[in-house]
Amino acid sequence: MVMSLSQVLAHPSIAPAKPRVLTGSGSLERTVRWIHSSEVLEVAPLLRGGELLLTGGTMLARASVDEQRAYVRSLAARGVAGVAIETGGRLPVMPAPLLQEAAATDFPVVELRRVVPFVEVAEVINGALVNDSVVRLRSAGALSHEQSEALAEGGGVQEVLDALVRHTSTPAAVFDATDRLIAAGRPADGAGARPMGGSRDGDGAEDGRHDGPVPMCGAGPVPAQSWRPAPFDGMGARLTIRGAHVATLVLYPDTDADVETLELAQDRTIEALKLALLRSRPPGPRELAASELVRLAAADGTHPQRIRRLGESIGFSPDAPVIGVAAGATGPSEELRRLANLLSRYGPTAVDAPSPLAVHVLLAPRDRVAAANLRARLVTDLAEWHTSDRTAIAVGPLMPSLQDAALSLGAALECLRRPTLAFEAGVLDATELSAERMLLHDELRTSAERLVREQLGLLLALRHEESELLLATLEKYFETGFNKTRTAAMLHLQRQSLYARLQRAFDLLGGDPTGTPRALALHLALRLHRQLG
């Protein structure tokens with residue numbers, strides 16, 4: 001049994017609390033993975049996502065407006081299914097700032113209008129969820145056993161895929177690294193099948209190319225023209241062997257499918273498919289060399305000559321500029337699968353997938369003369385293309401030759417690994433964060449903190465709300481190149497309101513820093529303050 005948030009709220013154990021949904025009514029079909037209760041404001045880092053959080057609201061009654069807003073933001077960013085808050089006593093009504101913040105992201109906030117024992121609610125619902133998880137694990141184990149038997153009897157990719165389709169009653173397909181169809185199958189009665197479009201990128205699946213007939217499980221072959229599975233239309237997972245991307249497994253579930261069960265079945269199938277692909281389609285020398293090249297660059301860059309030789313072996317010019325790109329995800333991500341294909345439009349690439357949730361790429365821009373402009377366009381294009389809240393992409397600086405590839409990829413990786421930055425989906429430009437990356441290293445962190453205190457001391461001593469308001473205004477003012485018109489527009493302020501804020505800040509700074517030698521240190525302090533949290 002998979003329980004949605006709406007089902008949990010209707011459960012007999014929690015219904016006596018008379019739950020009322022105040023925000024996030026459009027997100028009530030989110031799957032609830034667990035019930036958790038806590039009175040801690042900073043609970044989000046302790047959660048995994050998918051929980052319904054129960055709280056008595058005592059800490060929210062004592063929290064400031066900013067803390068209430070931050071509480072909701074942190075839960076939404078963590079992927080929590082929703083929060084249910086008791087009202088009455090110390091929290092007679094739900095705080096308006098909290099509801100405003102939740103409404104902005106359609107995050108579910110539920111008011112519990114009567115007291116219920118949270119321990120009993122958690123025991124009952126979590127017990128049902130645990131039983132459901134046990135059933136899923138047993139089912140996944142049976143699938144693994146069936147696929148292992150198929151491999152032992154000499155079966156290949158198609159036989160492994162057929163077992164998955166029979167087991168889940170869900171259409172599925174396997175594509176190679178260039179998105180050409182290797183194998184596909186769907187239930188014999190057509191259950192779960194839905195019309196599939198062609199590949200969005202115009203690759204192999206669009207014209208129906210494949211390596212053989214597309215069989216229907218247990219019902220003979222299905223002509224390609226009657227079903228054309230596309231590589232980017234379903235639940236996709238990359239298959240890598242020694243870091244080289246060799247294939248993609250895609251499931252095409254119905255809208256009411258149990259996604260958690262399908263993800264578990266997909267994970268079990270990946271290992272069996274890897275074994276089958278090692279027999280029939282092992283990665284070629286170029287793919288392995290490309291993966292090794294990126295691994296060396298990501299490690300420490302202490303083998304520049306080996307990096308140069310590997311690059312030459314896959315067609316990279318050793319004296320051409322290079323850009324490192326690193327991407328990471330918190331869960332299955334369509335963008336992670338498609339990133340390498342997108343980057344290849346800007347020049348030759350070498351790709352390594354160190355884990356299912358990470359991709360590292362070296363890109364050699366086609367036009368050496370215009371390489372810097374191409375990188376700038378790449379960052380802009382990635383920002384427009386990126387939409388997933390599960391994926392972060394960092395673009396390293398442009399370096400003059402392949403021997404410097406480790407510097408570029410290392411900078412990109414450092415952006416993703418900064419201990420002061422909790423996972424934040426988006427596109428990061430490593431060149432814009434050069435100063436922060438340098439000063440936030442452990443050995444320089446004390447110096448960075450001292451710089452912030454020296455430059456912003458009087459501002460930081462203000463009441464928290466006023467301090468953050470003035471700091472945010474100053475930072476935006478610096479980012480716009482001291483353009484007051486643009487700053488006011490970006491902050492949605494009247495010009496007179498902006499002038500008043502800036503003058504208040506300038507009074508505490510000892511004067512307007514615009515055009516003075518202090519401007520550099522002050523801007524750096526503002527940026528470091530944000531990263532230091």
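Everything quoted here is computed from the prediction, not taken from an experiment.
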Criterion side-chain contact (heavy atoms from CB on, under 4.5 Å) on M3 and T31, from CA distance to verdict: CA-CA 6 Å; M3 297 182 72; T31 298; over 6 Å; no
Flag for S74-R78: side-chain donor and acceptor within less than 3.5 Å: no
Check: E465 main-chain N/O paired with E468 side-chain donor or acceptor under 3.5 Å: no
Nearest-0.5 Å distance, CG of residue L378 to CG of residue N373: 12.5 Å
Euclidean distance, L522 CG relative to E454 CD, rounded to 0.5 Å: 12.0 Å
Side-chain donor-acceptor distances from residues 58-65 under 3.5 Å, at least two apart:
residue	atom	partner	partner atom	Å
S64	OG	E67	N	3.2
S64	OG	E67	OE1	3.4

R30 side chain reached by P108 side chain, heavy atoms, under 4.5 Å: yes
Residue pair T487 / T480, side-chain donor-acceptor N/O under 3.5 Å: yes
E475/R527 salt bridge by N-O under 4.0 Å criterion: no
Atom of W385, atom of E335 and distance for their closest heavy-atom approach: CH2-O, 3.5 Å
Student check: side-chain heavy atoms of L9 and V110 closer than 4.5 Å: yes
Heavy-atom side-chain contact between F107 and V83 under 4.5 Å: yes
Close side-chain approach of L470 and L462, heavy atoms under 4.5 Å: yes
Flag, side chain of N126 to backbone of I35, donor-acceptor distance under 3.5 Å: yes
Over all atoms of both residues, closest heavy-atom pair of E39 and G57: OE1-N, 3.5 Å
Residue pairs passing the salt bridge (charged side-chain N to carboxylate O under 4.0 Å, His left out) test where at least one lies in residues 80-103, sequence neighbours excluded: R69-E101, R73-E101
Exam field: side chain S291 to backbone D352, donor-acceptor pair closer than 3.5 Å: no
Side-chain donor-acceptor contact under 3.5 Å, R495 with T485: yes
Interatomic spacing from CD1 in I85 to CG in L54 - rounded to 0.5 Å: 10.5 Å
Any donor-acceptor pair under 3.5 Å from R375 side chain to G396 backbone: yes
V109 backbone acceptor or donor facing T23 side chain under 3.5 Å: yes
E29 and S6: side chain donor to acceptor below 3.5 Å: yes
T391 side, atom OG1; R338 side, atom CZ - distance, nearest 0.5 Å: 11.5 Å
Non-hydrogen side-chain atoms of I393 and H386 separated by less than 4.5 Å: yes
Atom of P513, atom of A519 and distance for their closest heavy-atom approach: O-CB, 3.6 Å
Residue pair T87, L112: steps toward the side-chain contact (heavy atoms from CB on, under 4.5 Å) verdict: CA-CA 6 Å; T87 53; L112 301 180; over 6 Å; no
N/O donor-acceptor pair under 3.5 Å between T473 side chain and L469 backbone: yes
Side-chain donor-acceptor pair present, R238, T248, cut-off under 3.5 Å: no
Check against side-chain contact (heavy atoms from CB on, under 4.5 Å), V359 and V361: CA-CA 7 Å; V359 173; V361 183; 3.7 Å; yes
Any side-chain heavy-atom pair of V325 and L409 under 4.5 Å: no
D404 (side chain) donor-acceptor with L407 (main chain) under 3.5 angstrom: no
Contact list for residues 448-494, test ring pair (Phe, Tyr, Trp, His ring centres under 6.0 Å), sequence neighbours left out: Y477-F482, F478-F482, F478-H523
Crowding at CZ, R113 (>12 non-hydrogen neighbours, <6.0 Å): yes
Worked check of side-chain contact (heavy atoms from CB on, under 4.5 Å) between L460 and H529: CA-CA 10 Å; L460 295 173; H529 172 259; 3.5 Å; yes
CA sep, side-chain torsions, deciding dist, call: S27, D106, side chain to side chain donor-acceptor pair (under 3.5 Å): CA-CA 7 Å; S27 301; D106 200 35; 2.9 Å; yes
Which atom of L343 lies closest to which atom of L363, heavy atoms considered: O-CD1, 3.6 Å
Closest approach of I323 to P365 (non-hydrogen atoms, all atoms of both residues): CD1-CG, 3.8 Å
Spatial distance of atom CG (L47) from atom OG (S38) [nearest 0.5 Å]: 7.5 Å
Side-chain touch Y346/D381, heavy atoms, less than 4.5 angstrom: yes
More than 12 heavy atoms of other groups within 6.0 Å of L46 CG: yes
Heavy-atom check, side chain of K18 versus side chain of E111, under 4.5 Å: no
From L474 atom CG to L459 atom CG, the distance as rounded to the nearest 0.5 Å: 6.5 Å
Residue pair E479, K476: steps toward the salt bridge (Lys or Arg N to Asp or Glu O under 4.0 Å) verdict: CA-CA 5 Å; E479 287 177 359; K476 194 64 66 179; 3.6 Å; yes
Minimum heavy-atom distance between A350 and F316, given as atom pair plus value: N-CZ, 3.7 Å
T380 (side chain) donor-acceptor with A376 (main chain) under 3.5 angstrom: yes
Flag, side chain of Q266 to backbone of L264, donor-acceptor distance under 3.5 Å: no
Side-chain donor/acceptor of S408 to backbone N/O of G324, under 3.5 Å: yes
